[in-house]
Amino acid sequence: MQESGNLAVQVAFMLLNDNQLTLSEVERRSRIEECVRVVYQILLRCRHKGAIEAASESMGLLCRHLFASKIESIRTIPRNALLEFLNRLESTQSGASVTRRSAGLVFLVVKIVSSEPGEKSSKVSIYNPFKLFNKFLLDLFYL
Amino acid sequence: MYLAVQRLISIAQRPVTESVEAGAESDGSCDLPQALAMHLLKGLVHDASLSTALLHPELMEPIFRLSIELFDHPHWAIRNAALQLHGSAIPRLAGPHFNKTTAELFHKFPGLEEFFLNKLIQRNNSEELVGSGLIPSLSLLCRLAPSNDPVSRNETFSSRLTHLLAHPVSQVRTMAARSLLAFMPLYKTKWKTILLCDETISLTSDASNSGQTNRLHGQLLVLQEFLGRCRAVALSVEDWQTIREAVSALSGIEQTQPCYYVKLAVLQLFKQLGMAGNVDFFKQQLEGGEVVRRQLHQQPGFSDWVILKNKFFFSFINSILVFIAPAQNGTRLQSHLFKSYVDCH
């Protein structure tokens with residue numbers, strides 16, 4: 001299971017980076033989504049701690065590369081995976097099991113969110129210029 | 001991330017329907033989505049790489065409020081998830097070494113000020129001994145560092161926390177005493193310590209305050225906290241002498257108060273200042289013996305109090321033996337006294 005996740009990520013990297021592949025953009029995107037789904041399913045269903053941790057690292061690595069892609073449709077793949085998971089959580093009445101089968105869910109959300117570019121300094125991106133100036137004045141006042 | 005946090009919060013706040021709850025409890029194989037959403041939020045709060053991005057009032061304030069408000073949810077899994085989320089949120093809000101001041105916290109998260117003030121109001125509700133969210137709120141406030149400004153906020157919080165010093169629950173009194181430190185500037189430490197000593201004495205001398213044991217205990221707990229802080233403040237020898245004289249006036253409380261928790265609190269003050277305290281009780285133990293111990297050991301707080309009392313007595317004896325007995329004889333006498341102590345217990 002662990003190696004399956006790693007292999008899926010390697011295949012996704014090849015699909016991302018190999019420009020000699022004779023695939024249309026839609027097909028490329030579809031294959032990458034399948035690779036992401038392999039790791040997604042491991043995080044959702046697997047009970048093995050080692051497999052979950054390996055899959056979480058793979059998901060983080062893969063999402064960083066996907067977010068860095070120049071193609072818009074590929075950049076939205078991690079977001080769509082997260083939205084799919086959140087929709088599933090909202091729509092079903094009962095969630096995942098209380099056993100370790102659900103241990104990967106936290107990794108799934110954390111890795112996708114933390115891989116998004118600009119998250120580490122997102123406090124700048126969230127503020128508008130007026131709020132920034134206001135914050136600057138308040139900081140001066142309290143110094 | 002903003003989208004994910006907002007949706008997780010909305011899932012966590014959804015009411016639990018009866019059919020879902022019955023299904024979850026019957027076979028125990030499913031977690032409620034509300035509990036799962038909070039575990040996911042805990043994972044986001046706990047992640048070091050998101051620590052900066054998450055410290056935004058629009059994200060962190062709702063998360064923290066959610067963790068406190070679900071502490072009294074009827075479903076155990078949700079209470080457990082709220083506890084874990086609260087435990088992850090506190091280091092983010094109070095800083096990794098609990099060195100964030102109250103001014104820094106409320107400047108960054110202004111919405112939390114009114115939230116805490118509402119939680120600190122003691123409600124006269126006969127069904128609840130402890131108000132909803134009171135202890136979780138105090139667990140953050142007691143980890144903050146003091147700041148000088150603004151004075152109005154310090155006074156408002158100090159007033160609410162002082163009312164909690166008379167709370168019937170000991171843990172609330174203890175946490176309120178620690179939280180008061182966060183709203184008292186450092187330069188007022190000596191003044192406040194002496195004021196507390198005077199207030200404690202007037203509390204015991206006033207005959208109309210006969211039912212104020214909880215209040216007295218809370219007052220002594222605050223005094224302990226402030227004495228601990230005095231060590232962090234550069235006080236002069238004269239200041240320390242003034243404080244020792246003020247605290248020594250409390251020895252009458254230790255002798256006259258029937259409650260052993262109050263007696264213990266007074267002895268702990270003496271211990272902080274290296275004072276000996278009164279040793280008459282040990283003589284009473286040796287004379288009264290088993291009868292005295294049987295009468296008293298059922299009293300709540302007696303065992304902790306008598307252990308500390310006996311430590312004081314042996315320190316007192318030890319200090320005398322150092323001066324009057326040669327090393328060898330002194331050691332033999334100490335062994336004899338220790339053996340007597342062990343036989344008594």
Side-chain angles (χ1 to χ4, degrees), chain A residues 43-44 52 56 60 63-64 67 78-128 131 134-143, chain B residues 1-8 10-12 14 16-17 19-60 77 80 84 101 103-104 106-108 110 147-150:
Chain A
L43 287 172
L44 232 60
I52 290 170
S56 72
C63 287
R64 278 196 291 276
F67 278 125
R79 186 172 186 270
N80 293 339
L82 180 62
L83 286 175
E84 181 187 333
F85 169 71
L86 291 174
N87 290 337
R88 182 182 175 219
L89 188 62
E90 275 179 337
S91 62
T92 55
Q93 290 186 336
S94 57
S97 165
V98 295
T99 67
R100 287 172 63 193
R101 192 165 58 191
S102 63
L105 298 180
V106 175
F107 291 118
L108 175 69
V109 175
V110 170
K111 288 299 178 184
I112 293 177
V113 171
S114 62
S115 304
E116 190 176 0
E119 280 304 327
K120 294 178 181 57
S121 58
S122 67
K123 63 176 179 180
V124 175
S125 64
I126 291 171
Y127 278 117
N128 65 43
K131 279 189 179 179
N134 201 23
K135 184 177 183 306
F136 172 70
L137 287 179
L138 281 170
D139 286 341
L140 271 183
F141 174 74
Y142 276 100
L143 273 175
Chain B
M1 180 174 68
Y2 189 80
L3 173 70
V5 169
Q6 292 292 320
R7 287 188 66 173
L8 287 171
S10 69
I11 294 170
R14 260 187 355 209
V16 179
T17 59
S19 58
V20 169
E21 190 171 359
E25 285 180 355
S26 61
D27 57 4
S29 64
C30 292
D31 239 347
L32 292 173
Q34 290 86 347
L36 184 56
M38 279 199 285
H39 283 296
L40 295 173
L41 283 170
K42 177 216 162 188
L44 290 173
V45 171
H46 197 68
D47 192 68
S49 62
L50 296 174
S51 59
T52 306
L54 213 61
L55 279 181
H56 187 274
E58 291 177 13
L59 296 174
M60 205 62 203
N80 179 53
Q84 293 191 32
T101 65
E104 288 168 355
F106 294 124
H107 167 52
K108 199 167 180 62
S147 70
N148 297 343
D149 295 314

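The sequence lines fix the lettering, A, B, ..., with proteins before strands; numbering per chain opens at 1.
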Measure B:S147 against the heavy atoms of chain A and call it side chain, backbone, both or neither at under 4.5 Å.
-> neither

Counting only heavy atoms closer than 4.5 Å, note whether B:L41 contacts chain A via side chain, backbone, both or neither.
-> neither

Nearest heavy-atom contact between B:L50 and A:S114 is CD2-CA, 3.7 Å

Could you walk me through whether A:L108 and B:L40 pass the side-chain contact (heavy atoms from CB on, under 4.5 Å) test, one step at a time?
-> CA-CA 9 Å; A:L108 175 69; B:L40 295 173; over 6 Å; no

Using non-hydrogen atoms and a 4.5 Å limit, figure out which bit of B:I11 sits close to chain A: side chain, backbone, both or neither.
-> side chain

Check each of A:L82, A:L83, A:V113 against B:L3 using the side chain to side chain contact (heavy atoms under 4.5 Å, CB included) test, and report the only one that passes.
-> A:L83

What residues form a salt bridge (charged side-chain N to carboxylate O under 4.0 Å, His left out) with A:R79, not counting sequence neighbours?
-> none

Check whether A:F107 gets within reach of chain B through its side chain, its backbone, both or neither, counting any heavy atom under 4.5 Å.
-> neither

For A:E116 and B:M1, which heavy atoms make the closest approach, and how far apart are they?
-> OE1-N, 3.6 Å

Mind checking whether A:N87 and B:R7 have side chains closer than 4.5 Å, heavy atoms only?
-> yes

